[in-house]
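Read through the structure below, which is laid out as structure tokens, and then see the notes.
Order of the sequence lines sets the chain letters (A, B, ...), proteins ahead of strands, with each chain counted from 1.
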2 protein chains.
Amino acid sequence: MVDIQNDAAERLHSQGGRMTAQRRLILSTLESLSGHPTAEQIYEQARLSDPRLNLSTVYRTLRWLSAEGLVSPQRFEGQQRQGRFDLGQAEAHHHFLCVSCGRVIEFSEPALEVIGAKWGRRLHVRVDGMTLVLRGLCEACRSAGVQATDGGHGEVVSTASMRVGSV
Amino acid sequence: MVDIQNDAAERLHSQGGRMTAQRRLILSTLESLSGHPTAEQIYEQARLSDPRLNLSTVYRTLRWLSAEGLVSPQRFEGQQRQGRFDLGQAEAHHHFLCVSCGRVIEFSEPALEVIGAKWGRRLHVRVDGMTLVLRGLCEACRSAGVQATDGGHGEVVSTASMRVGSV
DNA sequence: CACTTATTGCAAGTCATTTGCAGTAAGCAA
DNA sequence: TTGCTTACTGCAAATGACTTGCAATAAGTG
Ligand SMILES: [Mn+2]
Ligand SMILES: [Mn+2]
Ligand SMILES: [Zn+2]
Ligand SMILES: [Zn+2]
């Protein structure tokens, strides 16, 4: 469980899958990237090493990694609609999203495990995972005078045919 | 704040907007639906009363309602990728999603407010909202013998070219 | 009842992600 | 090493879920 490369290779083999050059490339790119990259960002970065890599291969690999629990897909609603991926190597954690600038801050809160377990018991369900996203304004945006009480999800909507503006 | 129809009308007028027949229809459809309908479900239901309603009008109205905080967009990743809408009339609540059958159970946990506030303080940010989704297996699915430790997000991925199957 | 202009229906985009296919190459066996 | 089977890849085309431009309506106002 230490090296994602080997971990992935083992899992692949035990499933009749194959460890290819592109999968290796994607894996190491993933390790080298920080934050919560989109499939496209991973693609662009990886293609620096091998321009022949194809975007659909990135998506396919990411899908498999997600199913294996080696990365966890995230969706920080906001202006960008692309999914992001969290290299969940570290322990479980949660996120704060600034609805104005899109900045994401991570934090971990053990109490959530307890809450999850409690509700699993109360609802008679098995809880395998949870996602908590706090939404609001980061320090910078607040002092920059951004208001945005964020009714919906960080979108700026103007009446008058309701056209969406960018931050 | 009691009647969404009037509430919406007032907000519209104060913004120079207009209360139209289609907006009224969408609003009442929303009230009549339970659960977390998708735009399309709302559309289909509404169009029973007036087949001339257009889907893009539904999307536009839903976008405005979200921005006003009258409904809150939700995204329960899983097989369906469509956004869902929560008529947030009731107080803030959270969700449990069964990754196998898609069932959603709501619950409210006051402790989360506290946690949100705490992290707002610690991270020096203003927290305006939060979303917690618990993921796992509901009672029915568990006793039906579904396994799915859900690595990623409820998708069933088969190696061998990694084709996604439906649950 | 005019009149201004927000809103709608429709058709045509976008954008992110998925898929069909035929060629390519892992990994196992000889 | 060489075959051989078949998983994987690149590419192009397709999907799905919304979004948008535009000309035809129709709220709300005086
Ligand atoms: Mn993270
Ligand atoms: Mn709900
Ligand atoms: Zn910010
Ligand atoms: Zn279930």
| Minimum-distance pair of heavy atoms, taken over all atoms of A46(B) and T29(B) | CB-OG1, 3.4 Å
| request: Verify the contact: side-chain N or O of N54(A) to OP1 or OP2 of dT9(D), cut-off strictly under 4.0 Å; return yes or no. | output: no
| query | CG of L55(B) versus P of dT20(D): gap in Å, rounded? | reply | 14 Å
| message | Can you tell me if T20(B) touches the phosphate of dT8(C), counting only side-chain N or O atoms and a distance under 4.0 Å to OP1 or OP2? | response | yes
| said: Under 4.0 Å from OP1 or OP2 of dC18(D): is there any side-chain N or O of R75(B) that close? | reply: yes
| query | Which nucleotide sits closest to the side chain of R60(B): dT20(D), dA17(D), dA16(C)? | reply | dT20(D)
| request: Name the residue closer to the 5' end of DNA chain D, choosing between S56(B) and H13(B) according to the nucleotide with the nearest heavy atom. | output: S56(B)
| said: Counting only side-chain heavy atoms from C-beta out, which of dC8(D), dG28(D), dT18(C) sits nearest to R18(A)? | reply: dC8(D)
| task | Identify whether L112(B) and L97(A) are in the same connected component of the hydrophobic contact network (ILVMFWY, side-chain heavy atoms under 4.5 Å). | result | no
| remark: Whole-Å distance, R52(B) CZ to dA24(D) C1', equals 13 Å
| query | How would you label the contact of R24(B) with the nucleic acid (heavy atoms, under 4.0 Å): base, sugar-phosphate, or nothing? | reply | nothing
| Pick one: which of S100(B), S143(B), C98(B) meets side chain to side chain contact (heavy atoms under 4.5 Å, CB included) with C138(B)? | C98(B)
| Taking only residues two or more places apart in sequence or in another chain, which ones pass ring pair (Phe, Tyr, Trp, His ring centres under 6.0 Å) with H95(A)? | H36(A), F76(A), H93(A)
| Between R23(A) and dT9(D), does any side-chain N or O lie under 4.0 Å from OP1 or OP2? | yes
| Under 4.0 Å between a Lys/Arg side-chain N and an Asp/Glu carboxylate O for D86(B) and R84(B)? | no
| query | Taking atom C1' of dT19(C) as reference, at what distance in whole Å does atom CH2 of W64(A) sit? | reply | 21 Å
| task | May I ask whether L27(B) and I42(B) are part of the same hydrophobic cluster, defined by side-chain heavy atoms of I, L, V, M, F, W, Y residues being less than 4.5 angstrom apart, directly or through others? | result | yes
| Starting at CG of L62(B) and ending at P of dT8(C), how long is that distance when rounded to a whole Å? | 12 Å
Run the side-chain donor-acceptor check on residues 48-59 of chain A: report pairs under 3.5 Å with partners two or more places apart or on a different chain.
residue: D50(A); atom: OD1; partner: R52(A); partner atom: N; Å: 2.8
residue: N54(A); atom: OD1; partner: S56(A); partner atom: N; Å: 2.8
residue: N54(A); atom: OD1; partner: S56(A); partner atom: OG; Å: 2.8
residue: S56(A); atom: OG; partner: R60(A); partner atom: NH2; Å: 3.4

| message | Measuring from the side chain of L53(B) (C-beta onward, heavy atoms only), which nucleotide among dG9(C), dG10(D), dG16(D) has the closest atom? | response | dG9(C)
| request: Starting from P on dT8(C), measure out to CG on L25(B) and report it in whole angstrom. | output: 11 Å
| Whole-Å distance separating the CZ atom of F85(B) from the P atom of dA17(D) | 13 Å
| task | Measure from CZ on R81(B) to C1' on dT18(C) and round the result to the nearest Å. | result | 8 Å
| task | Choose from dT17(C), dT9(D), dG10(D) the nucleotide whose nearest atom is closest to any side-chain atom of Q82(A). | result | dT17(C)
| field | Verdict with supporting geometry, F107(B) and R122(A), side-chain contact (heavy atoms from CB on, under 4.5 Å) | value | CA-CA 10 Å; F107(B) 64 89; R122(A) 283 200 199 174; over 6 Å; no
| Strand-adjacent residues in residues 33-46 of chain B, judged by heavy atoms under 4.0 Å from DNA chain C | none
| For R63(A) and dT19(C), is the shortest distance between a side-chain N/O and OP1 or OP2 below 4.0 Å? | yes
| said: Using OP1 and OP2 only, check whether a side-chain N or O of Q22(A) sits under 4.0 Å from dG10(D). | reply: yes
| Upstream residue (5' side of DNA chain D) when M19(A) and Y59(B) are each assigned their closest nucleotide | M19(A)
